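Structure first, then comments.
Residue numbering restarts at 1 for every chain, and letters A, B, ... go by the order of the sequence lines. Just so you know, these numbers come straight off a predicted model, no measurement behind them.
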Amino acid sequence: MIQASNLHKKFSSLHVLNGINTRIGQGEVVVIIGPSGSGKSTFLRCLNLLEEPTDGEIIFEGTSITDKKNDVNKLREKMGMVFQQFNLFPHMTVMENITLAPRKVKKLNKEKADAIAISLLKRIGLEDKAHAYPNQLSGGQKQRIAIARALAMSPDVMLFDEPTSALDPEMVGEVLDVMKKLAAEGMTMVVVTHEMGFAKEVGSRVLFMDEGRIVEEGNPEEVFNNPKHPRTKDFLGKVLY
Amino acid sequence: MDFSFMYKYYGFFVDGTAITLLLSLFGVIFGAIIGVIFALMKLSKNRLLKSFSTAYIEVVRGTPLLVQMYIVYYGIPRLVGVDFEDLTLGIIAISLNSAAYVAEIIRAGILSIDKGQMEAARSLGMSHRLAMTNIIIPQAFKNILPALGNEFIVLIKESAIVSIIGIHDLMYNTDTVRGNTFRPFSPLLVAAAIYFAITFTLSKLMGILERRLRAGDSSI
């Protein structure tokens, strides 16, 4: 579904991505772990071109994203993204947050967009918050709304950029639950996270990144219980206690 | 203090106030429109537009309004080859001046919005333009409202300078009354009271608008 080949990203003199090659298949839940500064968020943001790769190619559903001739907006409709800082639109209600893109981009009428939003709100258990403003919600609720907002465009893949890192510990669970459900429904997901429990339980594949490279990858059992690369061993030794 | 001259001359103040209001209203409208254009030019990636806008803003902010007023008054008719009315030239000078300040206020307002907002909008498939009009500008507008209100108040007060090119605004008519009545002082108090009444009303109106717009933000 997504194929990244020889991906490089440089910020002036800083070489953040140093040749990433991987493919993400339909229905896979790929979890990217690694120390901070390893380039995992940058890699994720390259997938929907929030960061422009310096070199390399990304092919999404048979279309080259990195080719400037292709309409990036059209491609992004098919790739939902969830951010660490939620990035809900503070001047709009929950309902307006969710329906804005379906109405403005997909040109759905209000009734259709509202119906989609309400069914999504029911799925995440927040239908009573439809008319609340984002700053009346807790962090966990905000992130669940952000997930619903992305899902409202019915994307083929969901990208999660440390979705639980800005949350109070007691709210991490509710967000992970929504993500687990989503995975169980067969959504293709790419998740950058520090939640090793989630990686183990839900991940179909784990990528360990360090210094802009994928150092090790495999199914979660393999990577967590029997890491091969010394960097992976060292990292897991520090985070799993 | 004797204000008995008001019986005979109140019409001067009424007429002058009308011209000042007219001048300020058009100044605010055109200043805001041109200001938005300059702000967008300064934020654009096009180097030419960007440097033109930057240069314009710097020159306008770095020279006195009085000088700009004379340059417009004598320059524009020569440049275009048409004799404009004095009032039109006054409005042009005031608008061009205000545009530079408004542009800086708008630019700062747009830059003050967290870049995550743009990223979230773009990640949903919205174009840059759609994201600007639906997400960035509405939030920026709310943030810049106090600064914008302040700029409009400054504009109303500064408009008094058009009296030097012979526009019969409040200040000009006040001077006329001072000359005709041989009272150099008390007409100035009347003028000051009228200017204050206008700016104070505007400041209160902006306050109400601000509170309305903030209604959604119950916390933080």
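Remark: side-chain polar atoms of B/Gln117 are paired, donor with acceptor, to backbone N or O of A/Leu88 under 3.5 angstrom. Within the 3.5 Å criterion, the main-chain N or O of B/Ile136 finds no donor-acceptor partner in the side chain of A/His91.
Rounding to the nearest 0.5 Å gives a distance of 9.0 Å between CD of B/Glu119 and CG of A/Asp161. A distance of 10.5 Å separates CD in A/Glu96 from CG in B/Asn134, rounded to the nearest 0.5 Å.
At a heavy-atom cut-off of under 4.5 Å, chain B is reached by A/Arg45, A/Asn48, A/Leu50 from residues 37-58 of chain A, listed in order of number. Using a 4.5 Å cut-off between non-hydrogen atoms, the part of residues 73-85 of chain A that approaches chain B consists of A/Asn73, A/Arg76, A/Glu77, A/Met79, A/Met81, A/Phe83.
The 12-atom threshold is exceeded at NE2 of A/His194, counting heavy atoms of other residues, nucleotides or ligands nearer than 6.0 Å. Within 6.0 Å of CZ in B/Phe52 there are 12 or fewer heavy atoms belonging to other residues, nucleotides or ligands. Counting non-hydrogen atoms of other residues, nucleotides and ligands closer than 6.0 Å to CZ of B/Phe26 gives a total of 12 or fewer. A 6.0 Å sphere centred on CD of B/Glu85 holds no more than 12 heavy atoms belonging to other residues, nucleotides or ligands.
Nearest heavy-atom pair, B/Ile135 versus A/Met92, reported as atom, atom and distance to 0.1 Å: CD1-CE, 4.0 Å. The shortest heavy-atom contact between B/Leu124 and A/Ala101 is CB-CB, 3.8 Å. Heavy-atom minimum distance, A/Phe89 versus B/Ala120: CE2-CB, 4.0 Å.
Listed by chain and residue number, A/His8, A/Lys10, A/Asn18 satisfy the side chain to side chain contact (heavy atoms under 4.5 Å, CB included) test with A/His15 (two or more places apart in sequence, or in another chain). Taking B/Tyr172 as the reference, B/His168 meet the ring-ring contact (aromatic ring centres under 6.0 Å, His included) condition, with sequence neighbours excluded.
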